[in-house]
Peer 1: 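Dumping the structure here so I can ask a few things about it.
Whatever order the structure lists them in is the order used to number ligands and atoms, beginning at 1. Both backbone and side-chain heavy atoms feed into the values below; hydrogens, waters and symmetry mates do not.
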Amino acid sequence: MENVFDYEDIQLIPAKCVVTSRSECETSVTLGNHTFKLPVVPANMQTIIDDRIATTLAEHGYFYVMHRFEPETRKAFISNMHERDLIASISVGVKEEEYSFIQELKEEDTIPEYITIDIAHGHSNPVIEMIQHIKALLPDTFVIAGNVGTPEAVRELENAGADATKVGIGPGKVCITKVKTGFGTGGWQLAALRWCAKAASKPVIADGGIRTHGDIAKSIRFGASMVMIGSLFAGHEESPGETVEQDGKLYKEYFGSASEFQKGEKKNVEGKKMYVEHKGELHDTLVEMEQDLQSAISYAGGTNIDAIRHVDYVVVKNSIFNGDKVY
Ligand SMILES: NC(=O)C1=CN([C@@H]2O[C@H](COP(=O)(O)OP(=O)(O)OC[C@H]3O[C@@H](n4cnc5c(N)ncnc54)[C@H](OP(=O)(O)O)[C@@H]3O)[C@@H](O)[C@H]2O)C=CC1
Ligand SMILES: Nc1nc2c(ncn2[C@@H]2O[C@H](COP(=O)(O)O)[C@@H](O)[C@H]2O)c(=O)[nH]1
C-alpha cells in the first residue's frame, strides 16, 4: 500500500469561490431514500446516543443510528419512531438471537428504514449471512455493514447485498484494537478510506478518527458519503455518559463499545473509557459543524457537498498543526 497518510497529513486546496455568502452552500446528503441535513452521524455507542437524542436528530432532519446494547428495547423504539412519523435506524449484531429478531420484525411488520450491522471485524461470513438474512426478509430496509478496512471486504459485503459499508478498524478515540492486536486502520484511516472507496460501488461511511470539523470535508474528498463520529459528539449536555466534576470543571464519560464498561466483563476488551470536557448543547455543535462544512464547500469552489469530492490536495506530513493544539 503506497501513499499512506491520515487526516493531519492532508490539506485541501482552495478553488475559486462561486458564492457571496457561505449560507448559500448546501450541506445535505442523500443516503438511501432519505436526505439528511449533514453527511455526519453520531456513533452508535451507548455514551453517544440514546432514544431521546435519536428522536431529536430525526425530528431535525439529521441521520442517526441507534446502538444495539439494549436489544430488548429495539422493537418499541422502531414503533415509537414510526408513531411520530420519523425514520427508524437501528443496529444489530450477528449472534443467533439476531436472526429471530429480524424474523419478528418482519412478522410484526415493524420494519426499520435503516439497519446497521455493527461488528468489530466485519469482513466475515457471519456478517455476510446477516446481510443476506436481512435483505431476504426486509428487502426495503437500507443495510449498512461493517466495520471493514480493505477493498476486498467492501466488495464482498456489497456483493452480499449491503447498501453501504462502514470503513474503520481501530482509528477511534477510545479504541485500543490497534495496540491490543496490531491490526487496523488507525494512523492511516484517511488513506484506508480512499483505498476502500475506490473499490466501492455503493456509499461508504468513514468511521472513527475524526478529530476536527475539517476532517469531515477531508473524508468526503477521499470518498465518504457519510462520516460516523464518536468523540466529537461525546460530552454534550444531552450525552448519555455519566457527568463528573473535577476542580470545578465538568466532564462526561465516553467509553468504547468493546470496553469492559460496555461489556460488564474483562473479556476480549478492545476499548477504553475516557472523560471529555463538557461541551454544552448538542444543537450548538451541529450548527457549528454545518457552518464549517458550508465554509469548506465555499473553499472547494462549489455550492454543495459534491464540490469537495473533486478538489486538489497536498500531503503535508504531520505538519498542519505546527505543534498547535487542535483547539
Ligand atoms: N470499529 C472498530 O474498530 C471496532 C469496533 N468495536 C465495537 O465494539 C462492539 C463489539 O464488537 P464485536 O466484539 O464484534 O461484537 P460482539 O461482541 O457482538 O461479537 C460478535 C460476534 O463476533 C465474534 N467476534 C468478535 N470479534 C471477532 C473476531 N475478531 N474474529 C472472529 N469473531 C469475532 C464474537 O465472538 P467472540 O467474542 O467469542 O470472539 C461474536 O460471536 C461493536 O459495537 C463494535 O462496533 C470493537 C472493536 C473494534
Ligand atoms: N476498537 C474499538 N473501536 C470502537 C470501540 N467502540 C467504538 N469504536 C469505534 O470508534 C468509533 C468512534 O470513533 P471516534 O474517533 O469518532 O471517537 C465508533 O463509531 C466505532 O467504530 C471499541 O471499544 N473499540
Side-chain angles (χ1 to χ4, degrees), residues 6-8 40-49 63-71 90-99 101 116-130 144-150 153 165-190 192-193 196 205-213 215-216 219 224 226-236 239 241 252-276 279 285 289 326:
D6 212 341
Y7 289 102
E8 69 268 26
V40 171
V41 59
N44 48 346
M45 299 166 72
Q46 209 166 13
T47 48
I48 299 297
I49 188 154
F63 186 45
Y64 76 90
V65 179
M66 185 58 186
H67 66 73
R68 66 177 168 95
F69 303 110
E70 286 156 16
I90 62 160
S91 302
V92 299
V94 294
K95 291 185 181 163
E96 200 48 48
E97 58 270 23
E98 297 292 58
Y99 282 83
F101 171 63
T116 296
I117 305 174
D118 171 37
I119 294 297
H121 190 3
H123 192 186
S124 65
N125 285 334
V127 169
I128 288 168
E129 284 155 21
M130 182 53 79
I144 299 167
N147 274 23
V148 296
T150 62
T165 52
K166 195 145 65 69
V167 169
I169 308 239
K173 186 95 171 180
V174 285
C175 162
I176 53 173
T177 300
K178 48 190 173 282
V179 286
K180 296 259 284 182
T181 71
F183 281 83
T185 59
W188 63 293
Q189 167 69 2
L190 192 59
L193 169 65
C196 290
I205 300 176
D207 180 12
I210 299 285
R211 300 288 172 264
T212 67
H213 294 179
D215 294 346
I216 300 168
S219 302
M226 178 80 76
V227 175
M228 180 172 264
I229 303 179
S231 60
L232 291 186
F233 281 116
H236 287 94
S239 303
K252 291 198 85 161
E253 65 175 353
Y254 174 40
F255 56 71
S257 304
S259 68
E260 61 177 291
F261 309 97
Q262 181 71 66
K263 293 180 163 213
E265 60 174 343
K266 276 191 179 176
K267 183 168 179 283
N268 294 127
V269 165
E270 290 187 22
K272 63 180 181 182
K273 172 151 91 173
M274 62 184 291
Y275 288 90
V276 298
K279 291 182 186 138
T285 296
M289 260 180 199
V326 169

Peer 1: Does a donor on one side chain and an acceptor on the other come within less than 3.5 Å for Ser219 and Tyr7?
Peer 2: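 Side chains of Ser219 and Tyr7: pair found under 3.5 Å.
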Peer 1: Within 4.0 Å of atom 27 (C) of ligand 1 (strictly less), any protein heavy atom?
Peer 2: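 No, no protein heavy atom sits under 4.0 Å from atom 27 (C) of ligand 1.
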Peer 1: Would a 4.5 Å heavy-atom cut-off, applied to side chains only, mark Ile229 and Ile48 as touching?
Peer 2: no
Peer 1: Considering Pro42, Gly172, Gly170 one by one, which has a heavy atom nearer to atom 10 (O) of ligand 2 than any of the others?
Peer 2: Gly172
Peer 1: Is the backbone N or O of Phe183 less than 3.5 Å from a side-chain atom of Thr181, with the two atoms forming a donor-acceptor pair by type?
Peer 2: yes
Peer 1: Should you measure from each heavy atom of Gly208, which atoms of ligand 2 turn up under 4.0 Å away?
Peer 2: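 In order of numbering, the contacting atoms are 13 (O), 15 (O).
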Peer 1: Of all the heavy atoms in Gly209, does at least one lie under 4.0 Å from an atom in ligand 2?
Peer 2: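 It does; at least one heavy atom falls under 4.0 Å.
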Peer 1: Would you say Asn268 and Lys263 make side-chain contact, with heavy atoms under 4.5 Å?
Peer 2: yes
Peer 1: Considering heavy atoms of the protein only, find what lies nearest to atom 34 (C) of ligand 1 and give residue, atom and distance to 0.1 Å.
Peer 2: Lys95 CE, 4.8 Å
Peer 1: Passes side-chain contact (heavy atoms from CB on, under 4.5 Å), Val269 versus Ile176? Steps please.
Peer 2: CA-CA 8 Å; Val269 165; Ile176 53 173; 4.1 Å; yes
Peer 1: Which residue owns the protein heavy atom closest to atom 38 (O) of ligand 1, what's the atom, and how far is it?
Peer 2: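 Its nearest protein heavy-atom neighbour is Lys267 NZ, 4.3 Å.
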Peer 1: Could you find the nearest protein heavy atom to atom 3 (O) of ligand 1 and give me its residue, atom name and distance?
Peer 2: Gly170 N, 2.7 Å
Peer 1: Would you mind listing which atoms of ligand 2 come within a distance below 4.0 Å of any non-hydrogen atom of Glu270?
Peer 2: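 In order of number, 1 (N), 2 (C), 22 (C), 23 (O), 24 (N).
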Peer 1: Taking all heavy atoms of Asp207 and all of Lys166, pick out the closest pair and write down the distance.
Peer 2: OD2-NZ, 3.0 Å
Peer 1: Return the option from Asp118, Thr177, Thr181 holding the heavy atom at the smallest distance from atom 42 (C) of ligand 1.
Peer 2: Asp118
Peer 1: Give me the residue, atom name and distance of the protein heavy atom closest to atom 36 (P) of ligand 1.
Peer 2: Asn268 OD1, 4.4 Å
Peer 1: Is there at least one protein heavy-atom neighbour under 4.0 Å from atom 11 (O) of ligand 1?
Peer 2: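 Given the 4.0 Å cut-off, atom 11 (O) of ligand 1 counts as touching protein heavy atoms.
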Peer 1: I want to confirm something. Looking only at heavy atoms, which of Val167, Ile117, Val127, Val94 is nearest to atom 21 (C) of ligand 1?
Peer 2: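 Minimum heavy-atom distance to atom 21 (C) of ligand 1 goes to Val94.
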Peer 1: Which residue and non-hydrogen atom of the protein lie closest to atom 20 (C) of ligand 1, and at what distance in Å?
Peer 2: Ile119 CD1, 3.7 Å
Peer 1: Take a 6.0 Å sphere around NZ of Lys178 and say whether it holds more than 12 heavy atoms from other residues, nucleotides or ligands.
Peer 2: yes
Peer 1: Test of understanding: given a 4.0 Å heavy-atom threshold, classify the contact between Arg211 and ligand 2 as side chain, backbone, both, or neither.
Peer 2: side chain
Peer 1: Please state which protein non-hydrogen atom is closest to atom 7 (C) of ligand 2 and give its distance, to 0.1 Å?
Peer 2: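 In this structure, atom 7 (C) of ligand 2 has Met45 CE, 3.3 Å as its nearest protein heavy atom.
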Peer 1: Using a 4.0 Å cutoff against the non-hydrogen atoms of Ile169, which atoms of ligand 1 qualify?
Peer 2: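 So the atoms of ligand 1 that pass are 3 (O).
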Peer 1: If I compare all heavy atoms of Met226 with all of Val40, which pair ends up nearest, and what's the gap?
Peer 2: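 Distance-wise, the nearest heavy atoms are SD-N, 3.2 Å.
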Peer 1: Give the atom numbers and elements of ligand 2 that come within less than 4.0 Å of a heavy atom of Ser259.
Peer 2: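 Answer, ordered by atom number: 23 (O).
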Peer 1: Tell me the contacting part of Asn44 for ligand 2: side chain, backbone, both, or neither, using a 4.0 Å heavy-atom threshold, strictly below.
Peer 2: neither
Peer 1: Checking a contact table here: which protein heavy atom is nearest atom 47 (C) of ligand 1, and how many Å away?
Peer 2: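 Among all protein heavy atoms, the one nearest atom 47 (C) of ligand 1 is Ala120 CB, 3.3 Å.
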Peer 1: What are the atoms of ligand 2, with element, lying closer than 4.0 Å to any heavy atom of Asn147?
Peer 2: 21 (O)
Peer 1: Just distances here: any N/O of Ser257 and N/O of ligand 2 closer than 3.5 Å?
Peer 2: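 Yes: some nitrogen or oxygen of Ser257 is under 3.5 Å from one in ligand 2.
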Peer 1: Output the list of atoms in ligand 1 that are nearer than 4.0 Å to some heavy atom of Glu270, sorted by atom number.
Peer 2: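 Answer for ligand 1: 47 (C).
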Peer 1: Check whether any side-chain heavy atom of Glu70 lies under 4.5 Å from a side-chain heavy atom of Gln46, and answer yes or no.
Peer 2: yes
Peer 1: Within a 6.0 Å radius of atom CD on Glu96, are there more than 12 heavy atoms belonging to other residues, nucleotides or ligands?
Peer 2: no
Peer 1: With a 4.5 Å limit on heavy-atom distance, are the side chains of Lys279 and Phe233 in contact?
Peer 2: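 Side-chain contact under 4.5 Å: no.
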Peer 1: Report, in ascending order of atom number, the atoms of ligand 1 lying under 4.0 Å from any heavy atom of Gly168.
Peer 2: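 Listed by number with element, the hits are 1 (N), 2 (C), 3 (O).
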Peer 1: Would you name the heavy atoms of Thr185 and Pro171 that are closest together and state the gap between them?
Peer 2: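 Residues Thr185 and Pro171, closest heavy atoms: OG1-CD, 3.6 Å.
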Peer 1: Does the N or O separation between Ser231 and ligand 2 drop below 3.5 Å for any pair?
Peer 2: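 Right, the criterion is met.
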Peer 1: Evaluate the side-chain proximity of Phe255 to Lys272: yes if any heavy-atom separation is below 4.5 Å, no if none is.
Peer 2: no
Peer 1: Please report the closest heavy-atom contact between Met228 and Ile205, naming both atoms and the distance.
Peer 2: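 Minimum heavy-atom contact is N-CG2, 4.0 Å.
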Peer 1: Heavy-atom contacts with Gly271 under 4.0 Å: which atoms of ligand 2 show up? List them by number with element.
Peer 2: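 Close to Gly271: 22 (C), 23 (O), 24 (N).
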Peer 1: Below 4.0 angstrom, counting only protein heavy atoms, does anything approach atom 31 (C) of ligand 1?
Peer 2: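 It does not: no protein heavy atom is found less than 4.0 Å away from atom 31 (C) of ligand 1.
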Peer 1: Please give me the minimum heavy-atom distance between Asn44 and Ser91, naming the atom from each residue.
Peer 2: ND2-OG, 3.0 Å
Peer 1: Out of Ala258, Ser259, Gly230, Gly186, whose heavy atom is nearest to atom 8 (O) of ligand 1?
Peer 2: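 Minimum heavy-atom distance to atom 8 (O) of ligand 1 goes to Ala258.
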Peer 1: List every atom of ligand 2 that sits less than 4.0 Å from any heavy atom of Met228, numbering the atoms from 1 in the order shown and giving each element.
Peer 2: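 Matching atoms, with element in brackets: 19 (O).
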Peer 1: Is the shortest N/O to N/O distance between Gly230 and ligand 2 below 3.5 Å?
Peer 2: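 Gly230 vs ligand 2: N/O contact under 3.5 Å present.
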Peer 1: To the nearest 0.1 Å, how far is atom 11 (C) of ligand 2 from its closest protein heavy atom, and which atom is that?
Peer 2: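 Nearest neighbour among protein heavy atoms for atom 11 (C) of ligand 2, to 0.1 Å: Asp207 OD1, 3.4 Å.
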Peer 1: Which part of Phe69 is near ligand 1, with near meaning a heavy atom under 4.0 Å away: side chain, backbone, both or neither?
Peer 2: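 Side chain only.
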Peer 1: May I ask you to decide whether Lys180 forms a salt bridge with Glu270, counting only side-chain N to carboxylate O separations under 4.0 Å?
Peer 2: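 Not counted as a salt bridge, because no side-chain N and carboxylate O are separated by less than 4.0 Å.
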Peer 1: For atom 29 (N) of ligand 1, state which one of His121, His67, Met45 supplies the nearest heavy atom.
Peer 2: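 Of the listed residues, His121 has the closest heavy atom.
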Peer 1: Any idea which protein heavy atom is nearest atom 15 (O) of ligand 1, and the distance to it?
Peer 2: Arg68 NH2, 3.1 Å
Peer 1: When you measure from the side chain of Glu253 to the backbone N and O of Tyr275, does any donor-acceptor pair fall under 3.5 Å?
Peer 2: no
Peer 1: Any non-hydrogen side-chain atom of Trp188 less than 4.5 Å from a side-chain atom of Leu193?
Peer 2: no
Peer 1: Just jot down the ligand 2 atoms closer than 4.0 angstrom to any heavy atom of Ile229, in number order.
Peer 2: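 Going through ligand 2 atom by atom, the ones under 4.0 Å from Ile229 are 16 (O).
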Peer 1: Say whether Ala258, considering both its backbone and side-chain N or O atoms, lies within less than 3.5 Å of an N or O atom on ligand 2.
Peer 2: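 For ligand 2, there is an N or O atom that lies under 3.5 Å from one belonging to Ala258.
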Peer 1: Restricting to non-hydrogen atoms, name the atom on Arg211 and the atom on Gly172 that form the minimum distance, rounded to 0.1 Å.
Peer 2: NH2-C, 3.6 Å
Peer 1: Parallel, tilted or perpendicular: which describes the rings of His67 and Phe69, with under 30° parallel and over 60° perpendicular?
Peer 2: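 Because their plane-to-plane angle is under 30°, the rings of His67 and Phe69 count as parallel.
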Peer 1: For atom 9 (C) of ligand 1, what is the nearest protein heavy atom, given as residue, atom name and distance?
Peer 2: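 For atom 9 (C) of ligand 1, the nearest protein heavy atom is Ser257 CB, 3.6 Å.
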Peer 1: Counting C-beta onward and ignoring hydrogens, is there a side-chain heavy-atom pair between Lys273 and Ser259 closer than 4.5 Å?
Peer 2: no
Peer 1: Between Phe261, Tyr254, Phe233, Phe255, flag the one that comes closest to atom 12 (C) of ligand 2 by a heavy atom.
Peer 2: Tyr254
Peer 1: For atom 4 (C) of ligand 2, what is the closest protein heavy atom, and at what distance to 0.1 Å?
Peer 2: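 Here the nearest protein heavy atom works out to Cys175 CB, 4.5 Å.
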